[in-house]
Amino acid sequence: MSLGPLPGFRDFYPNELAERSFIFGAWREVARRYGFVEYDGPPLEALELYTRKSGEEIVGQLYNFTDKGGREVALRPEMTPTLARMVGARANALRKPIRWFAIPQLFRYERQQRGRLREHFQLNVDIIGEPSVTADAELLAVAIDIMRAFQLRSSDVVARVSDRRLLEGYLRAVGVPEASLPAAFAVIDKLERVPRAVSEEKLAGAGIPAEARARVLDVPCATLDDVAAALGDAPHRAVLEEFRRYLDYLRALVGDDAEQWVRFDLSIVRGLAYYTGIVFELFDVKGELRAICGGGRYDNLLASLGGADLPAVGFGMGDVVLGELIRARSLMPSAAPAIDTWVAVADDASTTDAMRVAARLRARGRSVEYALREQKLARQLKAASAAGARETVILAGADLARGEAVVRRMADGEERRVNLDAWIAEG
RNA sequence: GUGACUGUAGCUCAAUUGGUUAGAGCACCGGACUGUGGCUCCGGGGGUUGCGGGUUCAAUUCCCGUCAGUCACCCCA
């Protein structure tokens, strides 16, 4: 029992890798159906790529070091800066809107806890260069279809959608002073986890009047109509119209059960960093896990990172929480090993005979194993069974002399005598 | 980075008030079964009881430290 993996890092034994591949496979398949194409970038980047926009304080959250050439570098904590750079470098040459996805391994130097490691794989899906809300709808539709690809239903997962502009307008309309908006955002972000009294106290401390405080605390319950009523004829009217079209588009894309999948929830804040419009998060309905996926519109980010000035929408979906949910709902397929054929030898047949047959089967694309050392037939069949072989071909010297062999179907033990050449040819 | 709780075989767990050589099930390897797997029976390997120190005649057990894990903060992906 020597050194294990570093804290927050994972070993992927064949079983775990099979689960990971299952998740990646579904991600790629759904992304492909929506016409997204896969890209990737380097896992190690210049530290400045991350500090330029986020400031030096982000360094505490990064795996960073000085390389042997004296360069300050960091393992990537997110994909968007890399994406911005790649798009920026060829902005004029790329067909718009750009529909790209990636499955980067991301790193973060933070104390680990459930669903949150120091390393994870995250599906990133982005549409760049399309300001219309159709792109927002397309994006959430991908995320929901990915849930469906895992056999998750709207009784398992719900998308909560909000719009930072609506939230801001609503807060102003109900009497939150301009200067208190950031504090109000922070409280709203934590409403679910913090006792109501504590939240109220914080709002009071931020200088928000009592009447407005009550409205802020009820933000999670505010309906789209409530928001419309509060906003009146303010300039936010257009945003409201846009949001209603968004929901219409979702009904068209997701289907009749779109209402079950999507819930308006103004309290979704999403770190409030660079999002400029509609934002969403996917949660397990039982509320036992962290967010499965989060994303939204970030129209200014690419320009501020020094790339092209293009509007964008995107989301990230990590493999850790998603994997937990899939396992919790018993939707993770078992990763039993399965080979096509086991080649066994009996009597005076030799390992060399098994090798020759195995080679011919393998050349025809079959997955084939045989005993690497001499074993009794019973032992070989046991190994064949453990390896998940569908069938075992039993070679014996006398049969081989006639060009024959016995093929045993492992499921029920039924055996038939075959002409070896013909049998290999039909495989 | 802060706090609370928890660390015994690959996994799930035992081990009397501190008391011989730390056990069991599952898993793994082998035998019973010299040409037939799954079942059964038998056997085997595998532990510095996370690590280090302390108290004691004696520590898996009590104390301290440390590392790791879980959870909650912080923060976010």
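Reminder, nothing fancy here: chain letters follow the sequence lines and each chain counts from 1.
Using a 4.0 Å heavy-atom cutoff across all strands shown, A:Arg10 reaches no nucleic acid atom at all. Residue A:Gly413 is classed as a base contact, given a heavy-atom separation below 4.0 Å to a base. Using a 4.0 Å heavy-atom criterion, one finds that A:Leu117 contacts the bases of the nucleic acid, with or without backbone contacts as well. In this structure, A:Ala383 reaches neither bases nor backbone, as no heavy-atom distance under 4.0 Å exists between it and the strands shown. Note on A:Met410: a base of the nucleic acid sits closer than 4.0 angstrom, heavy atoms only. Note on A:Ala384: nothing from the nucleic acid sits closer than 4.0 angstrom, heavy atoms only. Across all strands, A:Ala411 comes closer than 4.0 Å to base atoms (heavy-atom distances). Residue-level contact check: A:Gln113 touches the bases, meaning some heavy atom is under 4.0 Å from a base atom. Residue-level contact check: A:Leu106 touches neither bases nor backbone, having no heavy atom under 4.0 Å from any strand. Across all strands, A:Gly8 comes closer than 4.0 Å only to sugar-phosphate atoms, never to a base (heavy-atom distances). Heavy atoms of A:Gln375 sit under 4.0 angstrom from primed sugar atoms or phosphate atoms, though from no base atom.
A salt bridge between A:Glu16 and A:Arg10 is absent, with no side-chain N of the basic residue lying under 4.0 Å from a carboxylate O of the acidic one. Under a 4.0 Å N-O distance rule, the pair A:Arg153/A:Asp257 does not qualify as a salt bridge. Electrostatic pairing of A:Arg213 and A:Glu200 counts as a salt bridge here, judged by a charged N lying under 4.0 Å from a carboxylate O.
Taking 4.5 Å as the limit, every side-chain heavy atom of A:Val161 sits out of range of all side-chain heavy atoms of A:Ile268.
Here B:C76 presents its P atom at 22 Å from CZ of A:Arg76, a figure rounded to the nearest Å. Rounded to an integer number of Å, the gap from CG of A:Leu62 to C1' of B:C75 is 13 Å. The CD-P distance, from A:Glu288 to B:A72, rounds to 12 Å in whole Å.
Using P as the reference atom, B:A68 and B:C75 are 24 Å apart when rounded to the nearest Å. Rounded to the nearest Å, the gap between the C1' atom of B:U61 and that of B:G54 is 15 Å. Nucleotides B:C51 and B:U60 are separated by 14 Å at their C1' atoms, to the nearest Å.
Side-chain atoms of A:Ala378 lie closest to B:G37 of the nucleotides B:G35, B:G37, B:A77. Distance from the side chain of A:Ser385 is smallest for B:G37 among the nucleotides B:G37, B:G3, B:A77.
Neither OP1 nor OP2 of B:C75 sits under 4.0 Å from any side-chain N or O of A:Arg290. Between A:Gln112 and B:U70 there is a side-chain N or O to OP1 or OP2 distance below 4.0 Å. Applying the 4.0 Å criterion to OP1 and OP2 of B:G37, one finds that A:Arg408 has every side-chain N and O outside that range. Between A:Lys376 and B:A32 there is a side-chain N or O to OP1 or OP2 distance below 4.0 Å.
Across all strands shown, B:C33 forms no Watson-Crick or G-U wobble pair with both distances under 3.5 Å. Figure legend. B:G25 is base-paired to B:C11; pairs are counted as Watson-Crick or G-U wobble with both atom distances under 3.5 Å. Using the Watson-Crick or G-U wobble rule with both distances under 3.5 Å, B:G38 pairs with nothing in any strand shown. If you check B:U6 for Watson-Crick or wobble pairing at under 3.5 angstrom, you find it paired to B:A68. When Watson-Crick and G-U wobble pairs are counted only if both distances are under 3.5 Å, B:U16 pairs with no nucleotide at all. Pairing partner, B:A58: none, since no Watson-Crick or wobble contact has both distances short of 3.5 Å. Of the nucleotides present, B:G1 is the one that pairs with B:C73 by Watson-Crick or G-U wobble criteria, both distances under 3.5 Å.
Of the two residues contacting RNA chain B, namely A:Val406 and A:Arg379, the nearest-nucleotide position lying further toward the 5' end is that of A:Arg379. Nearest-nucleotide assignment on RNA chain B puts the 5′-proximal partner with A:Ala389, out of A:Ala389 and A:Lys190.
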Test A:Asp145 against A:Tyr34 for side-chain hydrogen bond (donor to acceptor under 3.5 Å, both in side chains), laying out the working first.
CA-CA 10 Å; A:Asp145 264 345; A:Tyr34 278 76; 2.5 Å; yes

Determine, stepwise, if the pair A:Asp340 / A:Arg366 fulfils salt bridge (Lys or Arg N to Asp or Glu O under 4.0 Å).
CA-CA 6 Å; A:Asp340 296 319; A:Arg366 290 219 248 172; 5.9 Å; no

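At a cut-off of 3.5 angstrom, counting only N and O atoms as typed in the model, there is a donor on one side and an acceptor on the other between the side-chain of A:Arg116 and the base of B:C75. No hydrogens or angles were tested; on distance alone, a donor-acceptor pair under 3.5 Å links the side chain of A:Glu415 to the base of B:U36. Residue-to-nucleotide contacts include no donor-acceptor pair under 3.5 Å from the side chain of A:Arg114 to the base of B:U70.
Side-chain contact check for A:Asp353 and A:Tyr370: no donor-acceptor pair (N or O, by modelled atom type) lies under 3.5 Å.
Ring-centre distance between A:Tyr170 and A:Phe243: not below the 6.0 Å cut-off.
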